[in-house]
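What you see below is based on every heavy atom in this structure, not just the backbone, and it leaves out hydrogens, waters and symmetry mates.
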Amino acid sequence: QVQLVESGGGLVQAGGSLRLSCVASGLPFSRYAMAWFRQAPGKEREFVAHIKWSGGNTVVGDSMKGRFTISRDNAQNMINLQMSSLKPEDTAVYYCAAAPGSSRDPRDYFYWGQGTQVTVSS
(Lines give C-alpha, C1' and ligand atoms only; values in the text may rest on other atoms or scores of the structure.)
Protein backbone atom coordinates (compact mmCIF):
# COMPACT_ATOMS: atom_id res chain seq x y z
CA GLN A 1 0.00 0.00 0.00
CA VAL A 2 1.38 3.34 -1.06
CA GLN A 3 1.51 6.05 1.57
CA LEU A 4 2.66 9.64 1.31
CA VAL A 5 2.80 11.48 4.62
CA GLU A 6 3.38 15.23 4.76
CA SER A 7 4.61 17.16 7.76
CA GLY A 8 5.93 20.59 8.66
CA GLY A 9 2.91 22.78 8.11
CA GLY A 10 1.80 25.40 10.57
CA LEU A 11 1.17 29.06 11.22
CA VAL A 12 3.82 31.58 10.25
CA GLN A 13 3.93 35.35 9.84
CA ALA A 14 4.32 36.94 6.45
CA GLY A 15 7.97 37.02 5.46
CA GLY A 16 8.73 33.89 7.43
CA SER A 17 9.85 30.43 6.37
CA LEU A 18 8.65 26.86 6.65
CA ARG A 19 10.02 23.52 5.54
CA LEU A 20 7.60 20.82 4.48
CA SER A 21 8.54 17.16 4.23
CA CYS A 22 6.89 14.17 2.63
CA VAL A 23 7.88 10.60 3.34
CA ALA A 24 6.83 7.88 0.92
CA SER A 25 6.40 4.15 1.42
CA GLY A 26 5.09 1.25 -0.61
CA LEU A 27 6.44 2.39 -3.98
CA PRO A 28 9.81 2.37 -5.77
CA PHE A 29 10.45 5.93 -4.71
CA SER A 30 13.61 6.51 -6.76
CA ARG A 31 11.68 5.72 -9.95
CA TYR A 32 8.97 8.32 -9.37
CA ALA A 33 8.82 12.00 -10.02
CA MET A 34 7.50 13.87 -7.01
CA ALA A 35 5.63 17.11 -6.69
CA TRP A 36 3.98 19.56 -4.34
CA PHE A 37 0.57 21.03 -5.03
CA ARG A 38 -1.56 23.31 -2.92
CA GLN A 39 -5.21 24.10 -2.60
CA ALA A 40 -6.76 27.11 -0.92
CA PRO A 41 -10.43 27.20 0.10
CA GLY A 42 -12.69 27.69 -2.91
CA LYS A 43 -9.81 27.38 -5.38
CA GLU A 44 -8.51 24.67 -7.69
CA ARG A 45 -5.49 22.62 -6.84
CA GLU A 46 -2.39 24.56 -7.90
CA PHE A 47 1.01 23.30 -9.01
CA VAL A 48 3.84 24.31 -6.67
CA ALA A 49 6.94 22.38 -7.73
CA HIS A 50 8.11 19.06 -9.10
CA ILE A 51 11.35 17.12 -9.13
CA LYS A 52 12.45 14.25 -11.36
CA TRP A 53 13.38 10.85 -9.98
CA SER A 54 17.07 11.74 -10.11
CA GLY A 55 16.62 15.05 -8.36
CA GLY A 56 18.62 16.73 -11.07
CA ASN A 57 15.78 18.69 -12.62
CA THR A 58 13.29 20.80 -10.71
CA VAL A 59 10.48 23.12 -11.76
CA VAL A 60 8.82 25.67 -9.50
CA GLY A 61 5.53 27.45 -10.15
CA ASP A 62 5.76 31.00 -11.41
CA SER A 63 4.42 32.68 -8.27
CA MET A 64 6.83 30.72 -6.08
CA LYS A 65 10.04 31.13 -8.05
CA GLY A 66 12.87 32.49 -5.98
CA ARG A 67 11.01 31.70 -2.75
CA PHE A 68 10.38 27.94 -2.83
CA THR A 69 12.86 25.12 -3.35
CA ILE A 70 12.06 21.45 -3.82
CA SER A 71 14.55 18.71 -3.05
CA ARG A 72 14.57 14.96 -2.55
CA ASP A 73 16.55 12.32 -0.70
CA ASN A 74 16.07 8.96 -2.35
CA ALA A 75 17.88 7.17 0.48
CA GLN A 76 15.23 8.47 2.90
CA ASN A 77 12.26 8.21 0.49
CA MET A 78 11.65 11.85 1.21
CA ILE A 79 11.02 15.13 -0.54
CA ASN A 80 11.16 18.57 0.99
CA LEU A 81 9.78 21.97 0.15
CA GLN A 82 11.68 24.89 1.60
CA MET A 83 9.47 27.97 1.60
CA SER A 84 10.72 31.44 2.38
CA SER A 85 9.40 35.00 2.11
CA LEU A 86 5.95 33.57 2.69
CA LYS A 87 2.90 35.65 1.83
CA PRO A 88 -0.70 35.44 3.04
CA GLU A 89 -1.67 34.20 -0.43
CA ASP A 90 0.51 31.13 0.15
CA THR A 91 -2.04 29.97 2.71
CA ALA A 92 -3.35 26.58 1.59
CA VAL A 93 -3.27 22.87 2.21
CA TYR A 94 -0.08 21.53 0.68
CA TYR A 95 -0.04 18.05 -0.84
CA CYS A 96 2.79 15.87 -2.05
CA ALA A 97 2.18 13.56 -4.99
CA ALA A 98 3.97 10.87 -6.99
CA ALA A 99 3.91 10.12 -10.71
CA PRO A 100 5.95 8.08 -13.19
CA GLY A 101 6.93 11.31 -14.95
CA SER A 102 7.15 14.90 -13.82
CA SER A 103 4.24 17.15 -14.74
CA ARG A 104 2.44 20.31 -13.70
CA ASP A 105 -0.94 18.61 -14.17
CA PRO A 106 -2.36 17.06 -11.00
CA ARG A 107 -4.24 14.55 -13.14
CA ASP A 108 -0.93 12.92 -14.01
CA TYR A 109 -0.20 12.01 -10.40
CA PHE A 110 -1.12 8.55 -9.18
CA TYR A 111 -0.56 8.89 -5.45
CA TRP A 112 -1.35 11.69 -3.01
CA GLY A 113 -0.75 12.49 0.60
CA GLN A 114 -3.39 13.77 3.02
CA GLY A 115 -2.00 17.29 3.00
CA THR A 116 -0.60 19.66 5.57
CA GLN A 117 -2.02 23.09 6.37
CA VAL A 118 0.12 26.17 5.88
CA THR A 119 -1.29 29.44 7.18
CA VAL A 120 0.52 32.73 6.65
CA SER A 121 -0.70 35.65 8.71
CA SER A 122 -0.34 39.25 7.60
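To the nearest 0.5 angstrom, Gln3 atom CD is 4.5 Å from Ser25 atom OG. Separation of atoms CE (Met83) and CG (Leu18) is listed at 4.5 Å; rounding is to 0.5 Å.
A continuous path of Ile, Leu, Val, Met, Phe, Trp and Tyr side chains, each step under 4.5 Å between heavy atoms, connects Leu4 with Val118, placing both in one hydrophobic cluster.
Counting non-hydrogen atoms of other residues, nucleotides and ligands closer than 6.0 Å to CD of Gln114 gives a total of 12 or fewer.
Listed by first then second residue, pairs satisfying salt bridge (charged side-chain N to carboxylate O under 4.0 Å, His left out) with a partner in residues 8-20 number zero, not counting sequence neighbours. Sorted by first and then second residue, the pairs that involve residues 22-122 and meet disulfide bond (SG atoms under 2.5 Å apart), not counting sequence neighbours, are Cys22-Cys96. The salt bridge (charged side-chain N to carboxylate O under 4.0 Å, His left out) contacts involving residues 92-113 comprise Asp105-Arg107, where partners must be two or more places apart or lie in separate chains.
Distance alone, capped at 3.5 Å, places no donor-acceptor pair between the Thr58 side chain and the Ile51 backbone. Listed for the Arg67 side chain is a donor-acceptor partner under 3.5 Å among the backbone atoms of Ser63.
Between Ser103 and His50 the shortest side-chain heavy-atom distance does not fall below 4.5 Å. Contact annotation: the side chain of Gln117 never approaches that of Leu11 to less than 4.5 Å [non-hydrogen atoms, C-beta and beyond]. Within the 4.5 Å cutoff, the side chain of Glu6 has no heavy atoms near those of the Tyr94 side chain. Side-chain contact check for Phe68 versus Asp90: some heavy-atom pair is nearer than 4.5 Å.
Because its NZ or CZ atom is both nearer than 6.0 Å to the ring centre of Phe29 and within 45° of the ring axis, Arg72 counts as a cation-pi partner of that residue.
Applying the salt bridge (Lys or Arg N to Asp or Glu O under 4.0 Å) criterion to Glu46, with sequence neighbours excluded, gives Arg38. Residues satisfying the salt bridge (Lys or Arg N to Asp or Glu O under 4.0 Å) test with Lys65, not counting sequence neighbours, are Asp62. Annotation: ring pair (Phe, Tyr, Trp, His ring centres under 6.0 Å) contacts of Phe37 (sequence neighbours excluded): Phe47, Tyr109, Trp112.
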